[in-house]
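Just so it is clear, the model here is predicted, and its values are computed rather than measured. Just so we're on the same page: letters track the sequence lines, and every chain starts at 1.
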Amino acid sequence: MKFPQKNSFTDYYICRSFFSIMNLSLSEEEIIRRQALDKMRQSGIDPFPAALFPVTHYAKEVQEKYEEGKEVVLAGRMMNTRVMGKATFADLHDSSGKVQIYLNVDQLCPGEDKSFYNDVVKHLLHYGDFVGVSGKLFTTRMGEISVNVTSLKILAKSLKPLPVVKTDKEGNIYDAFTDPEGRYRMRYVDLVVNEKVKETFILRTGIVNAMRHFFNAAGYLEVDTPVLQPIPGGATARPFITHHNALDVPMYLRIANELYLKRLIVGGFDGVYEFSRNFRNEGMDRTHNPEFTVLEIYVAYKDYQWMMDFTEKMLEHVCREVLGSTQVKFGEKTLNFQRPFRRLSMTDAIKEYAGFDITGKSEEELAAFCKSIGIEVNNMMGKGKLIDEIFGARCEGNFIQPTFITDYPVEMSPLCKRHRSNPDLTERFELMINGKEVANAYSELNDPIEQRARFEEQLQLQERGDDEAMFIDHDFLRALEYGMPPTSGMGIGIDRLVMLLTNNESIQEVLFFPQMRPEKWQSEPDPKVFIALGIPEQWAEILIKAGFPTVEKLKEAKPTSIHQTLNGYRKKNKLEMPALQLNDVQQWLGEA
RNA sequence: GAUUCCGUAGCUCAGCCGGUAGAGCAAUACACUUUUAAUGUAUGGGUCCUGGGUUCGAAUCCCAGCGGGAUCACCA
């Protein structure tokens, strides 16, 4: 098969070529690639053809199901080209992996005209260009499966050089693209050159799909609820605030979807779940991104004991499905997701790790104990908060293997049902893994009168100075008044779960585009603005190169300094043009 | 938000007791028909993050800013 290269629009682009290399902020390599682009067009090759390319195989398929002499058509980026005179080897990277291609001058150009090989392949193609190839499979003397290419078509030129990362036979990586800022800002580059990054994101989708299958198999319904909410409910956190113009009201990006899912249980669904993108206007670090994903699921006629079993089964299923094992490597540790997980009440956890029994203790006694182990205490802190502090300081970090902590104090859980056997506690569990909270679940509070009272306690906390206490959602209370069956709900932080299952210490590694401070873009320097001041064109370009990208910058500088800088540039670059006079500079600035 | 480290060629990094800016890979040119981190020879490539200050002289020392990482605080 031979692919047509010619394109009738080519002439149109050639006349534009001068402008495409005019850009003064390009590096030498970028200019060379743009020149190659123009040369391609001049020889009638369209570097960005419109037509589909009829791919028949992927690199991975070719490697795994090798058949000597099989005719294949592949497409991808050409990387690591090795020219050996009349033969060239390169690696073709597609979405599945890579395969070597062998380009031979006589096979690529069977006639008299060898220019396609000699000019295009050897000189106009660059690292990272997209090409399509067809040819027969063979194995080289070195034992490498390769495509003996009979036809090559340029599919898209790459104008910026990618970082060159090489891997040797032992798997050692050379010159890896490691700068975190560059990797996160330009994830597209990261994905191209760092193989492992792609794997993480494929696993992430696998984890979400496995969860979805598990919930669907149980007969529960995936739903969508509002991201834009009039009251940010269901959690304690600072929201992002926005404004709806037509309604002229403030709106909030959701911090949780809990209250909406419970409304759906009121409406008669037995089980609903949602992968909810939540937004919290708080700090950012290795484990926090302003937007993050939480799976929340609510199931009618169940309690938190049932939900613990369900959560365990679900996680075990996900591990087997996605990783093929319940033993998960995380750094030096191995996490065991084989159920049953350890279960421990909050009270017992504190007894075990802090040596203190919180049963029946007053706020004063708890505060005194906190002080005794070095926790700072203030009068904003109620009993619940004090207990939480003790747990956070002494217990949390100890639970490396998946562990359910149950029965939290009532003050910490305003949406959770009171414990059936102890009114100071709630029917709640959190799943701790690697010393961090991963999931949180309740027997949901469905008594509307008690729910109203709990919201009012939150208001009192606000008055004590807690700026994150919950708002009262009157519509949610009205829904409960119509009656909600006993229900258990569970939320699990997807990003953090993915971190654990993909052995990543940073949330930025499991989000394609982690939040970053916006990049600053300098506007492209334009010599025309200087020419407009009466500055000769040749000096206008030198001005930009010598560090005066804008008229403002030029006017900030002293004429003598400009004069010296420009003549210095002329001398350094041995430009054949007359030296500049101070008088000229003064004229440019209108000071003559 | 606090502390701390970092910012030099397309990539990875050296240079930092102040004195003309360096290496490897990549690029460009030539040689080479089974290479594979290809090789050999030659060549080009820099606003040393930005702005001030000290100095005869600053990538280097000082101050401020910008961007990022790590730790802590808050949180999931």
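A donor-acceptor contact under 3.5 Å is formed by the side chain of Glu28(A) with the base of rG44(B). The base of rU12(B) has none of its N or O atoms less than 3.5 Å from a complementary donor or acceptor on the side chain of Thr178(A). Checked by distance alone, Asn80(A) brings no side-chain donor or acceptor within 3.5 Å of a matching partner on the base of rA38(B). Put simply, the side chain of Arg141(A) and the base of rU34(B) share no donor and acceptor less than 3.5 Å apart. Within 3.5 Å, a donor on the side chain of Tyr102(A) pairs with an acceptor on the base of rU33(B), or the reverse. The base of rU35(B) sits with one of its N or O atoms less than 3.5 Å from a complementary donor or acceptor on the side chain of Gln100(A).
Using a 4.0 Å heavy-atom cutoff across all strands shown, Lys114(A) reaches no nucleic acid atom at all. The residue Asp179(A) sits close only to the backbone: its heavy atoms come under 4.0 Å of sugar-phosphate atoms, none of a base. When heavy atoms are screened at a 4.0 angstrom cut-off, Glu29(A) is found touching base atoms of the nucleic acid. Using a 4.0 Å heavy-atom cutoff across all strands shown, Asn281(A) reaches no nucleic acid atom at all. Looking at heavy-atom distances under 4.0 Å, Phe177(A) makes contact with sugar-phosphate atoms alone, never a base. Nucleic acid contact for Arg33(A): none, since no nucleic acid atom lies under 4.0 Å from a heavy atom of the residue. Using a 4.0 Å heavy-atom criterion, one finds that Val193(A) contacts no nucleic acid atom at all. At a threshold of 4.0 angstrom between heavy atoms, the contacts of Tyr127(A) with the nucleic acid are absent.
Going from the P atom of rU47(B) to that of rU8(B) covers 12 Å, rounded to whole Å. The gap from the C1' atom of rC49(B) to that of rC6(B) amounts to 11 Å, rounded to the nearest Å.
Donor-acceptor pairing under 3.5 Å is recorded for the side chains of Asp285(A) and Thr287(A).
With the nearest nucleotide of RNA chain B identified for both Asp106(A) and Pro180(A), Asp106(A) has the one nearer the 5' end.
For rC32(B), there is no paired base (Watson-Crick or G-U wobble, both distances below 3.5 Å). Nucleotide rA59(B) forms a pair with no other nucleotide shown, judged by Watson-Crick or G-U wobble geometry with both contacts under 3.5 Å.
Distance from the side chain of Arg185(A) is smallest for rG67(B) among the nucleotides rG67(B), rU34(B), rA26(B).
With Phe429(A) as the partner, the ring pair (Phe, Tyr, Trp, His ring centres under 6.0 Å) test is satisfied by one option alone out of Tyr408(A), Tyr442(A), Phe404(A): Phe404(A).
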